[in-house]
There are 2 protein chains.
Amino acid sequence: MINTRVAVAVHILALIASKPHDDLPSDYIAASVNTNPVVIRRLLGMLKKAGLIQTTAGKAGASLTRDPADISLLDVFHAVEPKESLFAIHDNPNPHCPVGKGIQRALDEAFGVAQDALACKLSSESIEDILHQLFDKA
Amino acid sequence: MINTRVAVAVHILALIASKPHDDLPSDYIAASVNTNPVVIRRLLGMLKKAGLIQTTAGKAGASLTRDPADISLLDVFHAVEPKESLFAIHDNPNPHCPVGKGIQRALDEAFGVAQDALACKLSSESIEDILHQLFDKA
DNA sequence: CATAGATGTAACATTTATAGTTACATCTAA
DNA sequence: TTAGATGTAACTATAAATGTTACATCTATG
């Protein structure tokens, strides 16, 4: 199971996007997410490093660097998840066994195909889509 | 990142499929995977519970219950990964915040789409495909 | 310019999942 | 009967995720 960072980061970005004219302190965001403000600031740091938001030390609030429609869930995923492989593969299979020798490459290939499909879908969903889900009455 | 159980389980099944006439003891499989035999037996237990293999207590070896072409990586995934959701979602977002109130449902929806795409690809790859990757010369 | 309130970040604590290990009851087959 | 397996419980070790405390530093304002 993938950690909650992706979910929380989307929550944060949706919150910022939903109040573009307010400066939301990390305490406020933390109250919405229901966690510690430092957890929020850590994630804001990662989102900033990924270029998705802008902040100023000492000054409350964070702002999106681009339109919510142009921030995909894949962007968010990559911002908060450093590992490039979704599936872990065991180390040091026996190189003297025909299966052990080639299994890592075979798994890389097979898992890669699946991961690409996941990434493709994530790249087609945006923060704006999340906002619509949140606020558009069915 | 997803645990190594899926990778190891595929390794195990490929090994069994590659030697259909041998009874491979868990010690042998463990030597190929490079881990402890009990780890292998645990995974064999899960694969058996999922109906992918057959074993007999006290008797060496496990056999596939169906053709390698009919065992998909999605089957393996579900056999060793009990959680139905790939992405974790944080608990107890603030219900008094408009974003907090609806975020879980929105994320469920968004992540579900991506997870379905992943599952689709995994279901289209079989143990037989892995064997081909391992043994067919390019 | 002092100060209240914010960010940025290090350091530590807690919890949980994963993986490895030991031990042993039980079964199979020779 | 006995050697060699499986099945499984129980314990250990390790790592990752999350929560928390503390504090340096910055911003804006009276």
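Convention: sequence-line order gives letters A, B, ...; per-chain numbering from 1.
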Worksheet item: Would you say C:dG20 has OP1 or OP2 under 4.0 Å from some side-chain N or O of B:T35?
Response: yes
Practice prompt. Enumerate the residues from residues 91-105 of chain A whose closest heavy atom to DNA chain D is under 4.0 Å, giving them by residue number; use none for an empty result.
Written response: none
Worksheet item: So, B:N34 side chain and A:N92 main chain: donor-acceptor pair closer than 3.5 Å or not?
Response: yes
Discussion item. Whether the side chain of B:T4 engages the backbone of B:A7 through a donor-acceptor N/O pair (distance < 3.5 Å, no angle test) should be reported.
Written reply: no
Item to complete: Mind checking B:N36 for me? I need base, sugar-phosphate or nothing, with any heavy atom below 4.0 Å counting as a touch.
Response: base
Fill in: Modelled atom types, side-chain donor and acceptor of A:Q104 and A:D91, under 3.5 Å
no
Between the protein and nucleotides 25-30 of chain D, are there any N/O to N/O pairs under 3.5 Å, and if so, what are the atom names and distances?
none

Fill in: Donor-acceptor contact below 3.5 Å, side chain A:D129 vs main chain A:S126
yes
Practice prompt. Please state how far atom NE2 in A:H11 lies from atom C1' in D:dT18, giving the value in whole angstrom units.
Written response: 17 Å
Worksheet item: Distance-only, no hydrogens or angles: does the A:T65 side chain make a donor-acceptor pair with backbone N or O of A:G51 under 3.5 Å?
Response: yes
Practice prompt. Please name the residue in the list A:I16, A:L64, A:V80 that meets the side chain to side chain contact (heavy atoms under 4.5 Å, CB included) test with A:L47.
Written response: A:V80
Item to complete: Compare side-chain N and O positions of B:S26 against OP1 and OP2 of D:dT6 and report whether any pair is under 4.0 Å apart.
Response: yes
Worksheet item: Can you tell me how far P of C:dA19 sits from CD1 of B:I2, to the nearest Å?
Response: 12 Å
Discussion item. For B:D75, is there an ion pair with B:R66 - N to carboxylate O distance below 4.0 angstrom?
Written reply: yes
Response to the item:
In whole angstroms, the gap separating C1' of D:dA16 from CZ of A:R5 amounts to 8 Å
Item to complete: Measure the shortest side-chain to side-chain distance between B:D108 and B:F87 over non-hydrogen atoms and say whether it is less than 4.5 angstrom.
Response: no
Worksheet, complete the sentence: Nearest-nucleotide check on DNA chain C, B:K83 vs A:L24; residue mapping nearer the 5' end is A:L24
Worksheet item: Per the side chain to side chain contact (heavy atoms under 4.5 Å, CB included) rule, which among B:I40, B:V39, B:L44 passes with B:R42?
Response: B:V39
Discussion item. Please give me the minimum heavy-atom distance between A:Q115 and A:E84, naming the atom from each residue.
Written reply: NE2-O, 2.6 Å
Worksheet entry | Interatomic distance, B:D27 CG vs D:dA5 C1' [rounded to whole Å] | 9 Å
Practice prompt. Say whether, by atom type as modelled, one donor and one acceptor occur between the side chain of A:S72 and the main chain of A:L74 under 3.5 angstrom.
Written response: yes
Worksheet entry | Backbone N/O of A:R5 and side chain of A:N3: donor-acceptor pair under 3.5 Å | yes
Worksheet item: A:T55 has a side chain; which of D:dT21, C:dA19, C:dG8 sits nearest to it?
Response: C:dG8
Practice prompt. Could you check which residues of residues 39-54 of chain A get a heavy atom under 4.0 Å from DNA chain C? Sort them by number, please.
Written response: A:R41, A:R42, A:K48
Discussion item. Can you measure A:N34 atom CG to D:dT18 atom C1' for me and round it to whole angstrom units?
Written reply: 13 Å
Worksheet item: When the distance from CE of A:M1 to P of C:dT16 is rounded to whole Å, what number comes out?
Response: 14 Å
Fill in: Nearest-angstrom distance from the residue atom CD1 of B:I29 to P of D:dT6
8 Å
